[in-house]
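I have placed the structure first, in the form of structure tokens, so that the comments after it can refer back to it.
Starting from 1, each residue takes its place in the sequence as its number.
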Amino acid sequence: MGDTGVFVPYGATHWAALTVGVLGAVALVALGRRLRGTPAELRVSRAFAVVVVVLLVPLQLRLLTPQTFDVHISLPLQLSDLSWVTATVALWTRRWWACAPLYYWGLTLTPQALLTPATDSPDFPHVAFLHFWALHLLVTWAAVYLTWGAGVRPTWRGMGVTLAATIAWAAVVLPFNLAAGTNYGFLAHKPTNASALDLLGPWPVYLVVEFVLVAVGWAVITWPWSRRRASLISPTAPG
């Protein structure tokens, strides 16, 4: 595709991608609220799911071809890979066990990748650039759309399931990293790019600290919804 240069964090293309992310989120929230409770809203949600599959499956398959395969980056072992599959299921089915991980992964961990992208990929319009940003933006948009557009709310039960799913993912990927010399999920060592992990201590301390911070953060973004839900279902006090 020719020399496009290397992606530079907070360069022109990074700011452009972040701008697209914000504008897309605003548009999806507005669309979801306009259609909420109507048959059209479910059709839009499922169309969104189809878009995610149509865009990301070919990009993932490309990484598995002999010409591009690299054991360090090509296997679908990142939490973001699990996130986009979860987003597809959540958008299509609205099952709580899919919507919950999408909410927590898509609104905390995925935005972290958008703000501090640990990628040395070529810059726009290289396919590697498009893959990274399409994946992370689509997951974030799906979470925003379902939460503030369609009105799907998180619960403490969903948070617990997401914590368990995250631990299960790490329990599979960490041993693979150590055996294969890879670093999926940054579970084996910190990224070479600057990131929030730099503040959390050495390996493996930062993994424990990160998990604690994630659990606390997820509790913080669950509590307002649970409090609001409780106030809505509480009986009116006698006058």
Side-chain angles (χ1 to χ4, degrees), residues 14-57 59-60 78-117 130-163 165-166 214 217-233:
H14 189 182
W15 282 114
L18 292 176
T19 301
V20 169
V22 172
L23 294 177
V26 171
L28 285 168
V29 169
L31 178 63
R33 288 185 173 181
R34 180 179 178 183
L35 300 178
R36 186 184 297 180
T38 69
E41 196 282 316
L42 183 58
R43 290 195 294 270
V44 168
S45 182
R46 290 184 169 179
F48 193 173
V50 171
V51 168
V52 173
V53 171
V54 168
L55 288 178
L56 294 182
V57 167
L59 291 171
Q60 179 60 53
Q78 301 283 18
L79 192 57
S80 56
D81 296 311
L82 185 56
S83 296
W84 77 256
V85 174
T86 302
T88 302
V89 176
L91 288 166
W92 189 271
T93 69
R94 300 295 178 85
R95 300 288 188 181
W96 70 269
W97 46 263
C99 292
L102 176 62
Y103 175 79
Y104 295 103
W105 293 338
L107 295 179
T108 58
L109 304 183
T110 304
Q112 174 66 24
L114 295 173
L115 294 173
T116 57
L130 298 175
H131 187 174
F132 179 90
W133 288 99
L135 189 159
H136 291 88
L137 286 176
L138 286 169
V139 169
T140 300
W141 282 344
V144 169
Y145 171 76
L146 287 179
T147 305
W148 286 281
V152 179
R153 306 307 190 201
T155 64
W156 293 113
R157 180 189 184 192
M159 176 186 157
V161 167
T162 306
L163 284 172
T166 306
V214 164
W218 288 356
V220 169
I221 64 173
T222 304
W223 178 75
W225 298 112
S226 64
R227 180 179 174 86
R228 182 172 184 270
R229 186 180 299 109
S231 66
L232 290 175
I233 64 177

Least distance between heavy atoms, [X] atom then [Y] atom:
| X | Y | answer |
| --- | --- | --- |
| A87 | A142 | CB-CB, 4.0 Å |
| E41 | L35 | CB-O, 3.0 Å |
| W96 | G158 | CZ3-CA, 4.1 Å |
| H136 | S80 | NE2-CB, 3.9 Å |
| L56 | H131 | CD2-CD2, 4.5 Å |
| S45 | L91 | OG-O, 2.6 Å |

Students often mix this up, so state it plainly: with edges at 30° and 60°, are the rings of H14 and W133 parallel, tilted or perpendicular? tilted

Under 30°, 30 to 60°, or over 60°: which ring-plane class applies to Y103 and W225, parallel, tilted or perpendicular? perpendicular

Quick one: does any side-chain atom of [X] pair with a main-chain N or O of [Y] as donor and acceptor, under 3.5 Å?
| X | Y | answer |
| --- | --- | --- |
| T86 | A98 | no |
| T140 | L137 | no |
| R95 | A90 | no |

Under the side chain to side chain contact (heavy atoms under 4.5 Å, CB included) criterion, do T110 and L135 qualify, and how do the steps go? CA-CA 9 Å; T110 304; L135 189 159; 6.0 Å; no

Assess the side chains of [X] and [Y]: does a donor N or O sit below 3.5 Å from an acceptor N or O?
| X | Y | result |
| --- | --- | --- |
| Y104 | T222 | yes |
| T162 | W105 | no |
| T116 | Q112 | yes |

Could you please spell out the steps behind the side chain to side chain contact (heavy atoms under 4.5 Å, CB included) verdict for W148 and L28? CA-CA 9 Å; W148 286 281; L28 285 168; over 6 Å; no

Are any non-hydrogen side-chain atoms of T166 and W218 less than 4.5 angstrom apart? yes

What verdict does the side chain to side chain contact (heavy atoms under 4.5 Å, CB included) test give for M159 and I221, after you've listed the backbone C-alpha separation in whole Å, the side-chain angles of each residue and the deciding distance to 0.1 Å? CA-CA 10 Å; M159 176 186 157; I221 64 173; over 6 Å; no

Determine whether more than 12 heavy atoms belonging to other residues, nucleotides or ligands lie under 6.0 Å from atom CZ of R36. yes

Can you tell me how far the CG atom of L79 sits from the CH2 atom of W84, to the nearest 0.5 Å? 14.0 Å

